[in-house]
Structures are given as C-alpha cells and as structure tokens.
Number of protein chains: 2
Amino acid sequence: MAFESSKIRDIPTQIKDKKLVTRRRRQIVDAAVELFLQKGFHKTTTRQIARAAGISIGLLYEYIATKEDILFLVCEAIHAEMHAALTQALNRTVDAAHPLSEAIRKYFLVCHRMSDHIVLIYQEIHSLPSNQRKKVLENEENITALFIDVLENLTAQNALPVLEENVLKLAAHNISVLGHMWAFRRWRLSASYTIDEYIEIQTGFILSRYKH
Amino acid sequence: MAFESSKIRDIPTQIKDKKLVTRRRRQIVDAAVELFLQKGFHKTTTRQIARAAGISIGLLYEYIATKEDILFLVCEAIHAEMHAALTQALNRTVDAAHPLSEAIRKYFLVCHRMSDHIVLIYQEIHSLPSNQRKKVLENEENITALFIDVLENLTAQNALPVLEENVLKLAAHNISVLGHMWAFRRWRLSASYTIDEYIEIQTGFILSRYKH
DNA sequence: ATTATCTATAGATCTATAGATAATGC
DNA sequence: ATTATCTATAGATCTATAGATAATGC
C-alpha cells in the first residue's frame, strides 16, 4: 500500500528540499509498514527499514530523529488512508435507501481491507512518546467524529429517531469499535462469518437501537 | 494485585520443589505485571524484573527459559483472574430480576477494575511466540464462551427470545468487546461517561436487540 | 550429596552519529 | 559552495549462561 503524504508534519529534518523530504519519507513509511506488520516495531531494526527503503542508515537519520518518529509517521499514514477512504465512501451514501446501513457497510469494508494496519495501531501506540501518542489518538477520535456527524445529520433529516446526545455519541463509538473488532478478532470470527455476514448481523444490532 | 497460580503450566524449569516453583513464579509475575504496565514488555529488562521480584538474574532464569515466558505467565495470570472474577460474579446473577443486565454489569465492572491489564494483553500478545499466543487467545475465547452460555441458558428458560445461533454468538462477542472498549478508550470515554453511565447506555444497546 | 541461589560476564545486538564522499545548481 | 548521501563505528544496552557459593535434608 502506498501512503499519502499529506500528514507528514512536525518532524524536523536537515534536508532542505521539501519535495524530497516528502518522497523519502513515503519510501521510509512504506518500507516500515511492511516490516512492522511482519515482525512488529521492536523487532524491526532501523537498518532493516533503511535497506527496505533503499537508502543507507545514515540517510535515514537525516529524515527522522528517532526510531519512534518512524512509527509515528506510520500511524499517521494509516489514519490518513482510513480517513480518506471513509470520507470518500460516506459522501456516496447520502442518497442510499438506508444511509446508515450503507455507511456502516462501507466502514466495515475499510476495516476489513485494513485489518492488519488497525491491529498494528492498537499494538504499537504505546511505544510512542506521549505527545505523538496523543496525536494518534486524536486521529482516531476524528474517525469516530465522522460517525457522530452521520448520525446527527440523519437525525436532523428525521431519518432516525432522536437519541440523547450521550447515547448518540456512544453509538458512534460502538460502530467504530465493532469495525475494529473484525480486525482484532478475525482469527476467530472469520471461522464462523464471512465479512458480509458479519456486516449484516452487526448492522442488525446497531439499528435495533433505533427500531422502537 | 496478587495473582493465582493455578494456570502456571507448561513452562519447564530445573527446580525440583513444585511449591517453590509456584511461589517464585508468582513473585516473578507480580513484579513483571507492574513493570509491564508502567513501561511495556520491551522496555522492561529481565534484570529489572529479577530485582523487583527480589531474586537474582541468574535465579530468574532457573524458573523461565526466555523473557517471553514471563510475558506468557503474565497473560495467563490476568486471564485466570478475569475468569475467576467472572464465573463467581455470574453465579450470583442467576436469580436477579434482569439476569442479562446483571451479567453485563458485573462483567463491565471487572473490565473497569482490570482496564490496564486488558490493554496490556491487546498490546503485547503479538510479542509472544505463536504457540503461547494461541493459548492466550484460547483463554480469551473462554471468556466469550461464558457469555454464550449465559445467553443460551436464558433463551432455554424463555427469558430471552430465540436468536439464530450465529447471531447469539456474535452478541456474546459484542458484550465481551464492549467491555474491553471501556478499557482501551477510557482516555476518551471517561471524560463523557462514568462507568455506571457507560454500563447503562451499553446495556440499552445490547438489550434493544431483544426487544422487538 | 543435592538443590537453590548468586556473581560476573560472554556474546550479540542496535540506535544514532561523525566524518568522508558524491551529486547538484549557480 | 551547498546539499544529499554513504561507510564505518562509538557507545550503550540486554539476554542468557557458566561457574562459584550457600542452603537443605538425609
């Protein structure tokens, strides 16, 4: 997967050419994602990342200051990819017959496609220093916020009955986490359910709250 | 928290005295849990664990063969503790007015109390070699199985309407994961909800599937 | 005599940087 | 002249074990 660079920010570098920074960091992130997925952050060495990215270990350290910086860039790239896929998908659900079901379906399919990446974030977010960890958690919150918007808009259009604000917000968290659940319990769930069956049953659970 | 030793199994040792093995491993696990919670598995050294357990590094390696063995013992201890707390709590819900609500409440309170430990397992399970990881996942599955039992029993007693088997099983997974959700999103959720509010709203979601 | 424990360290990494070299653009 | 890149390695760990010592039980 080749990641967008839009979120590459805040990490200092000695390199002057901004386009080059973007390109090299994308190389680094793409290489690191693969390695982290295979063996995790701690068991991947900076030398391996440099080699996989096709640059020397010395050059790697011109683009980042610490190994944790690489993990941060990886987490940002994953969230950027999810956020982009989601906003794009959600825009197309506006005039579906059942917009909420369709939004849930699109989201769960993104979670299915990016299962390994989602698990990676759960797994490694604690390896980040706290300021970077905070930013990653904000990204996560932004994704939940997308569902809060969907629910609020549908409620405003009378497409859904009114729920208390706190209840609606928790419903959005639930959608978000039930998508992740497919990622981190896939080892078990995929023995009993296809992703389509999973989506169907979970959608039933989520919508039942709105049906009385 | 002092952990039960019942699940200390399968890890070879040169030490002959079985009671001593149990006692020393409990010391080791108790020390390791604290350190892993503070700084994670990879940033904790075996020397630190030995020192915190009050034994020498050499002796530590008489009771385990690798650092991962310690993590495995820690995961087993956490699941043993959760399993024990839960079966005990569930036994007492049998004659409650709303047994399912009461089971959910008890479970969520266990998740609340053991938040950090639950997150630790999500975080570090990938650091285990695959045979040990499998055993930890089995433990996790056993906890979900407790809820499958609860739902099946209540259905058999006509206290709940009949659901398709696959739907019922996924409901059990959902209960399990929504408890974990309080653990791994507490940083955000606890700003908006007390644990009691959380339990109340989530119980509403879970039960609504049964109310039509 | 046997079992449990400790001290000291081998051996193997790994991150990060210093200093040398190549490429680029005026 | 400046910027980008590479090679070689310092310096700092950390896991795991070998070999010596202390404690235990017959």
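Note on naming: letters A, B, ... go to the chains in the order of the sequence lines (proteins, then strands), and numbering restarts at 1 for each one.
Set against D:dC14, C:dT17, C:dC14, the side chain of A:Ile57 has C:dT17 as its closest nucleotide. Nearest to the side chain of A:Lys16, among D:dT3, D:dT17, D:dT5, sits D:dT3.
Judged by distance alone, with hydrogens and angles left aside, the side-chain atoms of B:Arg105 form no donor-acceptor pair with the main-chain N or O of B:Ile199 at under 3.5 Å.
Taking atom NE2 on B:His42 and atom C1' on C:dT15, their separation rounds to 15 Å, with Å as the unit. At whole-Å resolution of the value, CD in A:Glu62 and P in D:dT2 are 17 Å apart. With rounding to whole Å, B:Gln14 atom CD is found 13 Å from C:dT5 atom P. Taking atom CG of residue A:Asp17 and atom C1' of nucleotide C:dC26, one finds them 16 Å apart after rounding to whole Å. Going from atom CZ of B:Arg51 over to atom C1' of D:dT15 covers 15 Å, rounded to whole Å. Rounded to whole Å, the distance from CD1 on A:Ile15 to P on C:dT24 is 14 Å. Here D:dT15 presents its C1' atom at 16 Å from CG of B:Leu59, a figure rounded to the nearest Å. D:dA4 atom C1' lies 15 Å from atom CZ of A:Arg25, rounded to whole Å.
Regarding contacts with the backbone of C:dT5, a side-chain N or O of B:Tyr63 is found under 4.0 angstrom from either OP1 or OP2. Applying the 4.0 Å criterion to OP1 and OP2 of C:dT15, one finds that A:Thr46 has a side-chain N or O inside that range. The phosphate of D:dT5 has OP1 or OP2 within less than 4.0 Å of a side-chain N or O from A:Arg24. Contact annotation: B:Tyr61 reaches the phosphate of D:dA16 (side-chain N/O to OP1 or OP2, under 4.0 Å).
Within a 6.0 Å sphere centred on CD of B:Gln14, heavy atoms belonging to other residues, nucleotides or ligands number 12 at most. More than 12 heavy atoms of other shown residues, nucleotides or ligands fall within 6.0 angstrom of atom CD in A:Glu68. Atom CD of B:Glu197 is surrounded by more than 12 heavy atoms from other residues, nucleotides or ligands within 6.0 Å.
Under the Watson-Crick or G-U wobble criterion, with both distances below 3.5 Å, D:dA20 is paired with C:dT5.
Summary of the strand contacts: B:Arg47 and B:Leu20 both lie near DNA chain C, and taking for each the nucleotide with the nearest heavy atom, the more 5' one is attributed to B:Leu20. Along DNA chain C, the nucleotide nearest to B:Ser56 and the one nearest to A:Glu68 differ in position, and the one closer to the 5' end is contacted by B:Ser56.
No side-chain donor from either of A:Arg188 and B:Thr144 sits under 3.5 Å from a side-chain acceptor of the other.
A:Thr13 comes within 4.0 angstrom of nothing in the nucleic acid, heavy atoms only.
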